[in-house]
Amino acid sequence: MSDSERSPKVAAVVAIDGPAGSGKSTVARLLARRIGWFFVDTGAMYRALTLAVLNAAVAPEDEAGVMRVLSGLRIDWKESREELCMLVGGKAPPELEIRSARVSASVSAVASHAGVRAWMVARQRELLGRGALVMEGRDIGSVVFPNARLKVYLDASPAVRARRRLLQHPEAGLDVAQVEAEIRRRDRRDQERACAPLRVTAGARVLDTSDRTLDEVLECLEEWVHEE
Ligand code: DC
(Lines give C-alpha, C1' and ligand atoms only; values in the text may rest on other atoms or scores of the structure.)
Protein backbone atom coordinates (compact mmCIF):
# COMPACT_ATOMS: atom_id res chain seq x y z
CA MET A 1 0.00 0.00 0.00
CA SER A 2 1.38 3.45 -0.90
CA ASP A 3 1.72 6.34 1.60
CA SER A 4 -1.11 8.21 -0.08
CA GLU A 5 -3.46 5.22 0.35
CA ARG A 6 -2.51 4.74 4.03
CA SER A 7 -2.88 8.31 5.34
CA PRO A 8 -5.96 10.51 5.32
CA LYS A 9 -6.23 13.26 2.72
CA VAL A 10 -5.00 16.79 3.55
CA ALA A 11 -8.24 18.72 3.14
CA ALA A 12 -6.65 22.08 2.45
CA VAL A 13 -4.34 21.36 -0.50
CA VAL A 14 -4.92 21.26 -4.24
CA ALA A 15 -1.76 19.97 -5.96
CA ILE A 16 -1.32 20.90 -9.63
CA ASP A 17 1.58 19.35 -11.52
CA GLY A 18 2.55 19.20 -15.18
CA PRO A 19 5.18 20.18 -17.73
CA ALA A 20 6.31 23.69 -18.66
CA GLY A 21 3.59 25.66 -20.44
CA SER A 22 0.72 23.32 -19.60
CA GLY A 23 -1.08 26.32 -18.10
CA LYS A 24 -0.43 25.38 -14.46
CA SER A 25 0.47 28.85 -13.20
CA THR A 26 -2.45 30.67 -14.81
CA VAL A 27 -4.93 27.96 -13.88
CA ALA A 28 -3.67 27.54 -10.31
CA ARG A 29 -3.64 31.32 -9.69
CA LEU A 30 -7.21 31.77 -10.95
CA LEU A 31 -8.50 28.66 -9.19
CA ALA A 32 -7.02 29.97 -5.92
CA ARG A 33 -8.90 33.25 -6.39
CA ARG A 34 -12.15 31.43 -7.13
CA ILE A 35 -12.01 29.26 -4.01
CA GLY A 36 -10.24 31.82 -1.77
CA TRP A 37 -7.11 29.75 -1.11
CA PHE A 38 -3.42 30.76 -1.41
CA PHE A 39 -1.66 30.18 -4.74
CA VAL A 40 1.98 29.03 -4.55
CA ASP A 41 4.21 28.90 -7.66
CA THR A 42 6.99 26.49 -6.66
CA GLY A 43 8.77 26.88 -10.03
CA ALA A 44 9.45 30.50 -9.03
CA MET A 45 11.31 29.21 -5.96
CA TYR A 46 13.64 27.04 -8.12
CA ARG A 47 14.03 29.95 -10.55
CA ALA A 48 14.95 32.41 -7.77
CA LEU A 49 17.60 30.03 -6.48
CA THR A 50 18.94 29.53 -10.04
CA LEU A 51 19.27 33.29 -10.51
CA ALA A 52 21.22 33.56 -7.24
CA VAL A 53 23.46 30.65 -8.35
CA LEU A 54 24.20 32.28 -11.72
CA ASN A 55 24.80 35.67 -10.12
CA ALA A 56 27.30 34.04 -7.75
CA ALA A 57 29.09 32.54 -10.80
CA VAL A 58 28.48 29.02 -9.48
CA ALA A 59 27.94 26.22 -12.03
CA PRO A 60 24.35 24.84 -11.83
CA GLU A 61 25.81 21.29 -11.85
CA ASP A 62 28.04 21.99 -8.82
CA GLU A 63 25.86 20.65 -5.98
CA ALA A 64 28.16 21.82 -3.16
CA GLY A 65 28.33 25.30 -4.70
CA VAL A 66 24.56 25.45 -5.17
CA MET A 67 24.01 24.36 -1.55
CA ARG A 68 26.41 27.10 -0.41
CA VAL A 69 24.38 29.71 -2.27
CA LEU A 70 21.16 28.25 -0.87
CA SER A 71 22.41 28.40 2.72
CA GLY A 72 23.18 32.11 2.23
CA LEU A 73 19.64 33.01 1.09
CA ARG A 74 17.39 34.76 3.59
CA ILE A 75 13.88 33.85 2.57
CA ASP A 76 10.51 35.10 3.68
CA TRP A 77 6.91 34.98 2.48
CA LYS A 78 4.62 37.77 1.45
CA GLU A 79 0.86 37.35 1.28
CA SER A 80 -0.54 39.37 -1.60
CA ARG A 81 -4.17 38.83 -2.60
CA GLU A 82 -4.56 35.04 -2.87
CA GLU A 83 -0.85 34.37 -3.30
CA LEU A 84 2.14 33.46 -1.15
CA CYS A 85 5.32 34.81 -2.77
CA MET A 86 8.83 33.91 -1.71
CA LEU A 87 11.02 36.92 -0.94
CA VAL A 88 14.78 36.63 -1.11
CA GLY A 89 16.68 39.05 1.14
CA GLY A 90 13.37 40.87 1.76
CA LYS A 91 12.70 41.45 -1.97
CA ALA A 92 10.61 39.74 -4.65
CA PRO A 93 13.00 38.13 -7.16
CA PRO A 94 12.85 40.17 -10.43
CA GLU A 95 10.24 38.54 -12.71
CA LEU A 96 12.00 39.33 -16.00
CA GLU A 97 15.24 37.83 -14.78
CA ILE A 98 13.81 34.67 -13.25
CA ARG A 99 11.83 34.00 -16.48
CA SER A 100 14.80 34.78 -18.77
CA ALA A 101 16.25 32.23 -21.21
CA ARG A 102 19.45 32.21 -19.12
CA VAL A 103 17.62 31.05 -15.98
CA SER A 104 15.31 28.65 -17.93
CA ALA A 105 18.35 26.92 -19.42
CA SER A 106 19.91 26.24 -15.99
CA VAL A 107 16.95 25.68 -13.68
CA SER A 108 16.55 21.91 -14.35
CA ALA A 109 20.18 21.30 -13.38
CA VAL A 110 19.77 23.27 -10.14
CA ALA A 111 16.45 21.49 -9.40
CA SER A 112 18.00 18.04 -9.90
CA HIS A 113 20.15 18.17 -6.71
CA ALA A 114 18.72 16.10 -3.85
CA GLY A 115 19.76 18.70 -1.23
CA VAL A 116 17.98 21.47 -3.12
CA ARG A 117 14.81 19.40 -3.43
CA ALA A 118 14.80 18.47 0.27
CA TRP A 119 15.13 22.16 1.21
CA MET A 120 12.37 23.24 -1.19
CA VAL A 121 9.97 20.48 -0.08
CA ALA A 122 10.45 21.42 3.59
CA ARG A 123 9.71 25.12 2.86
CA GLN A 124 6.66 24.17 0.76
CA ARG A 125 5.21 21.93 3.50
CA GLU A 126 5.65 24.70 6.10
CA LEU A 127 3.27 26.88 4.07
CA LEU A 128 0.33 24.76 5.15
CA GLY A 129 0.60 26.71 8.41
CA ARG A 130 -0.45 29.86 6.47
CA GLY A 131 -3.75 28.46 5.24
CA ALA A 132 -5.30 26.44 2.43
CA LEU A 133 -3.10 26.09 -0.65
CA VAL A 134 -3.34 25.67 -4.40
CA MET A 135 0.28 24.70 -5.08
CA GLU A 136 1.69 24.10 -8.54
CA GLY A 137 4.93 22.50 -9.69
CA ARG A 138 6.33 19.14 -10.80
CA ASP A 139 6.31 17.03 -7.62
CA ILE A 140 3.53 18.51 -5.50
CA GLY A 141 1.18 15.51 -5.76
CA SER A 142 3.97 12.92 -5.77
CA VAL A 143 6.30 14.22 -3.03
CA VAL A 144 5.29 17.46 -1.29
CA PHE A 145 1.65 16.62 -0.55
CA PRO A 146 0.93 13.02 -1.69
CA ASN A 147 -2.27 13.19 0.37
CA ALA A 148 -3.59 16.42 -1.14
CA ARG A 149 -7.37 16.68 -1.29
CA LEU A 150 -7.15 16.96 -5.07
CA LYS A 151 -4.20 16.07 -7.30
CA VAL A 152 -4.26 17.28 -10.89
CA TYR A 153 -1.82 16.65 -13.74
CA LEU A 154 -2.25 19.32 -16.42
CA ASP A 155 -0.86 18.55 -19.84
CA ALA A 156 -0.87 20.00 -23.37
CA SER A 157 1.01 19.26 -26.60
CA PRO A 158 4.55 20.75 -26.86
CA ALA A 159 3.46 23.00 -29.79
CA VAL A 160 0.54 24.47 -27.81
CA ARG A 161 2.77 24.94 -24.77
CA ALA A 162 5.42 26.77 -26.81
CA ARG A 163 2.82 29.17 -28.23
CA ARG A 164 1.45 29.90 -24.74
CA ARG A 165 4.95 30.55 -23.36
CA LEU A 166 5.62 33.07 -26.15
CA LEU A 167 2.36 34.89 -25.51
CA GLN A 168 3.18 35.07 -21.80
CA HIS A 169 6.83 36.07 -22.15
CA PRO A 170 7.46 37.72 -25.56
CA GLU A 171 10.32 39.66 -23.96
CA ALA A 172 12.56 36.57 -24.10
CA GLY A 173 12.95 37.35 -27.84
CA LEU A 174 12.74 33.71 -29.06
CA ASP A 175 10.71 32.21 -31.93
CA VAL A 176 8.18 29.40 -31.51
CA ALA A 177 10.52 26.64 -32.76
CA GLN A 178 13.23 27.69 -30.29
CA VAL A 179 10.75 27.74 -27.41
CA GLU A 180 9.33 24.33 -28.37
CA ALA A 181 12.83 22.83 -28.53
CA GLU A 182 13.66 24.32 -25.14
CA ILE A 183 10.41 22.95 -23.67
CA ARG A 184 11.09 19.44 -25.02
CA ARG A 185 14.64 19.54 -23.60
CA ARG A 186 13.37 20.66 -20.20
CA ASP A 187 10.55 18.03 -20.18
CA ARG A 188 13.11 15.33 -20.84
CA ARG A 189 15.41 16.52 -18.06
CA ASP A 190 12.52 16.94 -15.58
CA GLN A 191 11.14 13.48 -16.42
CA GLU A 192 14.47 11.67 -16.42
CA ARG A 193 16.06 13.05 -13.26
CA ALA A 194 16.64 10.50 -10.50
CA CYS A 195 15.12 12.59 -7.72
CA ALA A 196 11.36 13.36 -7.83
CA PRO A 197 10.93 13.14 -11.63
CA LEU A 198 7.92 14.73 -13.29
CA ARG A 199 5.24 12.03 -13.72
CA VAL A 200 1.53 11.37 -13.29
CA THR A 201 1.34 10.22 -9.68
CA ALA A 202 -1.10 7.71 -8.17
CA GLY A 203 -4.49 9.28 -7.55
CA ALA A 204 -3.94 12.29 -9.86
CA ARG A 205 -6.63 13.32 -12.33
CA VAL A 206 -5.19 14.14 -15.76
CA LEU A 207 -6.51 17.05 -17.81
CA ASP A 208 -5.23 17.84 -21.31
CA THR A 209 -5.73 21.57 -21.84
CA SER A 210 -4.61 21.71 -25.53
CA ASP A 211 -8.16 22.15 -26.88
CA ARG A 212 -9.84 23.67 -23.84
CA THR A 213 -10.37 27.31 -22.99
CA LEU A 214 -9.14 28.67 -19.68
CA ASP A 215 -12.73 28.93 -18.45
CA GLU A 216 -13.45 25.30 -19.31
CA VAL A 217 -10.35 24.17 -17.41
CA LEU A 218 -11.28 26.27 -14.36
CA GLU A 219 -14.87 25.00 -14.36
CA CYS A 220 -13.61 21.43 -14.46
CA LEU A 221 -11.12 21.92 -11.62
CA GLU A 222 -13.62 23.72 -9.42
CA GLU A 223 -16.03 20.85 -9.89
CA TRP A 224 -13.28 18.37 -8.94
CA VAL A 225 -12.42 20.36 -5.78
CA HIS A 226 -16.04 20.12 -4.68
CA GLU A 227 -16.29 16.42 -5.56
CA GLU A 228 -13.25 15.44 -3.42
O1 DC B 1 7.14 25.80 -13.64
P2 DC B 1 8.45 26.45 -14.11
O3 DC B 1 8.71 26.27 -15.57
O4 DC B 1 8.59 27.87 -13.65
O5 DC B 1 9.58 25.61 -13.32
C6 DC B 1 10.95 25.86 -13.50
C7 DC B 1 11.77 24.61 -13.28
O8 DC B 1 11.79 24.27 -11.89
C9 DC B 1 11.32 23.35 -14.01
O10 DC B 1 12.09 23.12 -15.17
C11 DC B 1 11.54 22.23 -13.05
C12 DC B 1 11.73 22.86 -11.72
N13 DC B 1 10.66 22.56 -10.76
C14 DC B 1 10.76 21.39 -10.06
O15 DC B 1 11.69 20.62 -10.28
N16 DC B 1 9.84 21.12 -9.10
C17 DC B 1 8.81 21.94 -8.86
N18 DC B 1 7.92 21.64 -7.88
C19 DC B 1 8.68 23.14 -9.60
C20 DC B 1 9.62 23.42 -10.58
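Counting starts at 1 for both ligands and their atoms, following the listed order. Computed from a predicted structure; not experimentally measured.
The shortest distance between side-chain heavy atoms of T26 and R164 does not fall below 4.5 Å.
The hydrophobic cluster containing L214 also includes V14, I16, V27, L30, L31, I35, W37, V134, L150, V152, L154, L207, V217, L218, L221, W224, V225, under a criterion of side-chain heavy atoms closer than 4.5 Å among ILVMFWY residues, counted directly or through chains of members.
Checking side-chain atoms of S104 against main-chain N and O of A101 turns up no donor-acceptor pair under 3.5 Å. K24 places no side-chain N or O within 3.5 Å of a backbone atom of E136 that could act as its donor or acceptor partner. Of the possible polar contacts, none joining the S142 side chain to the T201 backbone as a donor-acceptor pair under 3.5 Å is found.
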When you pair each N or O of ligand 1 with protein N or O atoms, which pairs come out under 3.5 Å?
| residue | atom | partner | partner atom | Å |
| --- | --- | --- | --- | --- |
| ligand 1 | 1 (O) | R138 | NH1 | 2.9 |
| ligand 1 | 3 (O) | R47 | NH2 | 3.3 |
| ligand 1 | 3 (O) | R138 | NH2 | 3.2 |
| ligand 1 | 3 (O) | R186 | NH1 | 3.2 |
| ligand 1 | 4 (O) | R47 | NE | 2.7 |
| ligand 1 | 10 (O) | R186 | NH1 | 2.8 |
| ligand 1 | 10 (O) | D190 | OD2 | 3.1 |
| ligand 1 | 15 (O) | R117 | NH1 | 2.8 |
| ligand 1 | 15 (O) | R117 | NH2 | 3.3 |
| ligand 1 | 15 (O) | R193 | NH1 | 3.0 |
| ligand 1 | 15 (O) | R193 | NH2 | 3.1 |
| ligand 1 | 16 (N) | R117 | NH2 | 3.0 |
| ligand 1 | 18 (N) | T42 | OG1 | 3.0 |
| ligand 1 | 18 (N) | R138 | N | 3.1 |
| ligand 1 | 18 (N) | D139 | OD1 | 2.8 |

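Around atom CG of D211, no more than 12 heavy atoms belonging to other residues, nucleotides or ligands sit under 6.0 Å away.
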